[in-house]
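For this chain, numbers begin at 1 and follow the sequence in order.
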Amino acid sequence: MSLEVLLTVSKYFTFLSSFAFVGLLLALSLLTVNNDGNLSANSLALRRKASLIGLIWFFSSFTYNIATLADILGVRFTDALDMTTVRSFVTQVIIGQYLFAQTLVAFIAGYLILRLKRVIPTLFLLLISLVAVAAPALESHSASGGSHALAVGSMVLHVAGLTLWVGGLFALTFLSPEDRKMAVPRFSVMAFWAAIVVVLSGLINAWARLNFREAWDTTYARVIILKTILTCVLLFMGYLHRKNLSLREKIDWRGLTRLITAEVALMAAVTAIGIWLSLNASPDRVIDPVIPAAPTFTRILWAYDPDVFFIGVLVLAVALYIKGVVILKKRGDSWPVGRTIAFALGIAGIDFATSGGLGVYAMYSFEYHMIAHMTLGMIAPIGLVLGAPITLALRTLPQGRTSTESGPRAILIAILHSRIGVLFTNPIIALALFDGSLFVLYFTDLFGTLMSSHAGHLLMNIHFILAGYLFFMIVIGVDPTPRRIHHLVRIVILFAAMAIHAFFSIALLATTTLIDKGFYSSQNIPWLGSGILDDQRAGGSVSWAMGEIPIILALVATFILWMRDDAKETRRIDRNEERKAAMGEPDELAQYNEYLKSLSTREEK
C-alpha cells in the first residue's frame with residue numbers, strides 16, 4: 001500500500017471512528033432515557049461497542065500520525081517509526097502535538113467509557129472527545145490560506161458540527177427500536193442546529209480561502225460542488241425527518257429507520273469527500289497580512305477582523321438566550337429587560353475584544369492586548385453574570401421525557417452541585433484563577449508561547465472569559481451556586497482581588513525585559529512609537545486602571561445586595577411576627593422574654 005493511500009485511508013477511518021465514538025457518547029448522555037441520572041441497561045450495553053470503536057479510533061489515529069510524519073519527511077511509513085524522530089514530531093511540531101493529543105484522548109476515552117455509569121461523567125468525556133476531534137483543524141491547510149481567523153475558526157466549527165451531526169446519525173443505528181423512538185425527536189432538534197453550523201461554516205471557509213474566479217475550472221472546486229450537492233440532499237433528508245416526526249402517533253418508524261440508514265451511508269460518502277479535500281492542496285487565494293494604521297478612536301471603533309469561532313459561539317449563546325426568554329413570555333412569565341440588556345452588552349464586549357477593533361490591535365500592541373484582556377476578563381463577564389443565563393436555563397429547560405428520567409434541567413442542577421461545581425465556586429479557587437493566573441501567564445514564557453499560535457491565543461481568550469465569569473458570578477451573581485457566600489466574605493475577596501491586581505500591574509510596570517518572547521517585535525509595527533518595552537509598560541498602566549474600576553463597582557454592588565438582603569430578612573421577620581400575632585401566638589421577642597423569666601424563676605427556687 002502506497003503512503004498516499006495509507007494516509008487517506010487512515011485519516012478517513014480516524015474521522016469516521018471518532019464521529020461514531022462521539023455519537024455514541026451523545027446517545028449515552030442525552031439521547032437515550034436515563035434512570036435518575038444513571039445510564040440505562042441498554043446504554044450500559046452500548047459501552048462495549050463504543051469501546052471497540054474507540055480502539056479503532058486509536059489505531060487509525062496512530063497510523064495517520066505516523067503516515068503524516070512520513071509524508072512530511074518524504075520517507076516510507078516504516079522508516080518514520082524511528083522513536084527519536086517520532087518524539088521530535090510530537091513534541092516540537094504543532095500538527096504533531098495535536099495529532100498525538102488526539103491519539104492519546106482516543107486511547108484514554110476508549111478505556112474510560114467502560115467505567116461510565118452516570119450521565120454527567122459521560123457528558124464530560126463527550127466534551128473532551130469533541131475537542132480532540134476538532135483541535136487538529138487549528139493547523140489544517142485552512143490555517144495557511146485566506147483570512148486566518150476566518151478560515152481556522154470556521155474549520156473548527158465545521159468539524160465540531162459535522163462530528164455531532166454524523167456521530168448522532170451513526171449512534172441512532174446502534175440503538176434499539178424502543179430507544180430510537182425516544183432519541184430521534186431530541187436528535188432532530190440537535191441535528192438542525194448542527195446542520196446550520198456545518199453549512200454556514202463550510203461556506204465561510206470556502207469564501208475565505210478560494211479565489212473563485214480562478215478556482216472554478218479546478219478539480220478541487222468540482223469536488224466542493226459535489227460535496228455541496230450531497231450536503232443539500234442530507235438537508236432534504238433532515239427535512240423529511242422533521243416532517244415524519246410531526247405525524248406524532250402516526251410516525252412510520254420502519255420508513256424512518258430506512259431513511260436514517262440511507263442518510264448514514266450518504267454521510268460516509270460526504271466524509272470521504274471531505275477527507276480528499278483536506279489532503280489535497282486547494283487553490284487558496286493568498287492574502288498577505290496587512291498591519292493596520294496607527295490606532296485612533298475611529299479606527300478602533302470600526303475595525304473588524306471576524307474570528308468565526310467566537311462569533312459562532314456568541315451567536316449560539318444569543319439564540320439560546322432569546323429562545324429562553326420567548327419560552328417564558330409564551331407561558332405568561334416575565335423576565336427583566338435589564339437582564340437581557342446586560343447579557344447583550346456582555347456579548348457585545350466579547351465580540352469587540354475578539355473580532356472588533358480591540359481584537360485587531362491586540363495582535364500588534366501589548367497595550368491593546370491588555371485592554372482586550374481587561375474587557376474579556378473584567379467588563380464583559382459582569383454583563384453576562386447580571387444577565388443570569390443559568391437562572392434562565394433552569395426556568396426554561398425541559399424536564400425528563402419519563403417520570404424517572406433526569407432531563408436537561410435536572411442535569412444542569414446536578415452539574416452545579418457536583419464536586420467540580422463545589423470546587424470551582426470556592427472563593428479562593430475563583431480568586432486564584434482570576435488573579436493568580438495573571439502571574440503564571442505574563443511572568444513566565446507562557447504568554448509568548450500562546451501568542452505565537454492561533455490555538456494559544458484562542459485558549460487564552462477563553463480562559464479570560466471563563467475566569468472572569470466565575471469570579472463575578474460568585475461575588476455579584478444572581479444565579480444559584482452550590483455555596484452561599486456571606487456578603488462580608490465577598491467584600492474581603494474583592495479587596496484581595498484589588499490588591500493582587502494592583503501588585504501585578506506594578507510588577508508589570510517595573511519590568512525591564514520583554515515578556516512576549518519577541519512576538520510583538522516580529523510584527524515590525526511602524527506606529528508603535530518609542531518602543532516595545534514602553535508599549536509593555538503602557539499595558540501595565542492599562543491593567544491597573546481598567547482592573548480597579550470593575551472591582552470597585554462590584555464592591556458597590558455587593559454593599560447594595562447586602563443591604564437588600566438585610567431589608568428582605570427584616571420584612572420576613574416582621575411578616576412572621578404579624579402572622580403570629582394574628583393567630584394569638586407569642587412572637588420571637590415575647591418567647592425570648594418568657595425564656596429569661598423562666599431562668600429567673602429557677603434561680604429564685
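- In terms of the side chain to side chain contact (heavy atoms under 4.5 Å, CB included) criterion, residue partners of Thr558 (sequence neighbours excluded) are, by chain and number, Val475, Ile476, His487, Arg490, Ile491, Leu494.
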Could you go through residues 119-132 and list every donor-acceptor pair under 3.5 Å that involves a side-chain atom there, pairing it with any protein atom two or more places apart or in another chain?
residue	atom	partner	partner atom	Å
Thr122	OG1	Arg118	O	2.8
Ser129	OG	Leu125	O	2.9

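- No donor-acceptor pair closer than 3.5 Å links the side chain of Arg409 to the backbone N or O of Pro398.
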(message) I'd like to know whether Ile493 forms a side-chain contact (heavy atoms from CB on, under 4.5 Å) with Phe471, so could you lay out the CA-CA distance, the side-chain angles of the two residues, the decisive distance to 0.1 Å, and finally the verdict.
(response) CA-CA 10 Å; Ile493 291 295; Phe471 180 79; 3.6 Å; yes
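- When the side chain to side chain contact (heavy atoms under 4.5 Å, CB included) test is applied to Thr103, the partners found at least two apart in sequence or on another chain are Phe58, Ser61, Phe62, Asn65.
- No donor-acceptor pair closer than 3.5 Å links the side chain of Asn35 to the backbone N or O of Asn38.
- Residues Leu39 and Leu116 approach most closely at CD1-O, 3.7 Å, considering heavy atoms.
- A side chain to side chain donor-acceptor pair (under 3.5 Å) with Thr32 is found for exactly one of Ser176, Ser40, Ser43, namely Ser43.
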Residues 158-172, side-chain donor-acceptor partners within the protein, below 3.5 Å, at least two apart:
residue	atom	partner	partner atom	Å
His158	ND1	Val198	O	3.0
His158	ND1	Ser201	OG	3.2
Thr163	OG1	Val159	O	2.6

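- Heavy-atom minimum distance, Pro389 versus Leu384: CD-O, 3.2 Å.
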(message) Evaluate Trp335 against Tyr321 for side-chain contact (heavy atoms from CB on, under 4.5 Å), listing each step before the verdict.
(response) CA-CA 11 Å; Trp335 183 255; Tyr321 194 93; 3.1 Å; yes
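- The side-chain hydrogen bond (donor to acceptor under 3.5 Å, both in side chains) check on Asp36 picks up nothing, with sequence neighbours excluded.
- Partners of Asp333 by side-chain hydrogen bond (donor to acceptor under 3.5 Å, both in side chains), not counting sequence neighbours, listed by chain and number: Arg331.
- Every residue two or more places apart in sequence or in another chain that forms a side chain to side chain contact (heavy atoms under 4.5 Å, CB included) with Ala393 is listed here: Leu397, Leu412.
- When all heavy atoms of Pro306 and Ile311 are compared, the pair lying nearest together is CB-CD1, 3.6 Å.
- Residue pairs meeting the salt bridge (Lys or Arg N to Asp or Glu O under 4.0 Å) criterion with at least one partner in residues 388-403, sequence neighbours excluded, are Arg401-Glu405.
- Applying the salt bridge (Lys or Arg N to Asp or Glu O under 4.0 Å) test to every pair with at least one member in residues 337-355, sequence neighbours left out, gives no pairs at all.
- Tyr12 places no side-chain N or O within donor-acceptor distance of the main-chain N or O of Leu7, the cut-off being under 3.5 Å.
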Residues 455-467 side chain polar contacts: donor-acceptor under 3.5 Å, at least two apart:
residue	atom	partner	partner atom	Å
His463	NE2	Ser437	OG	3.0

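- The closest donor-acceptor contact from the side chain of Arg115 to the backbone of Leu112 lies at 3.5 Å or more, if one exists at all.
- In plain terms, the two heavy atoms of Leu328 and Ser334 that are nearest each other are CD1-O, 4.3 Å.
- Residues Val422 and His417 share a closest heavy-atom pair of CG2-O, 4.1 Å.
- Side chain of Ser188 to backbone of Val184: no donor-acceptor contact under 3.5 angstrom is found.
- Residues satisfying the side-chain hydrogen bond (donor to acceptor under 3.5 Å, both in side chains) test with Ser418, not counting sequence neighbours, are none.
- Of the options Val385, Ile390, Leu386, a side-chain contact (heavy atoms from CB on, under 4.5 Å) to Asp479 is made by Ile390 and by none of the others.
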Would you tabulate the side-chain donor-acceptor contacts of residues 18-31 under 3.5 Å, counting partners in other chains and residues two or more places apart, or write 'none'?
residue	atom	partner	partner atom	Å
Ser18	OG	Thr14	O	2.9
Ser18	OG	Phe15	O	2.8
Ser29	OG	Leu25	O	2.8
Ser29	OG	Leu26	O	3.4

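- Nearest heavy atoms, Pro381 versus Phe472: CB-CD1, 4.2 Å.
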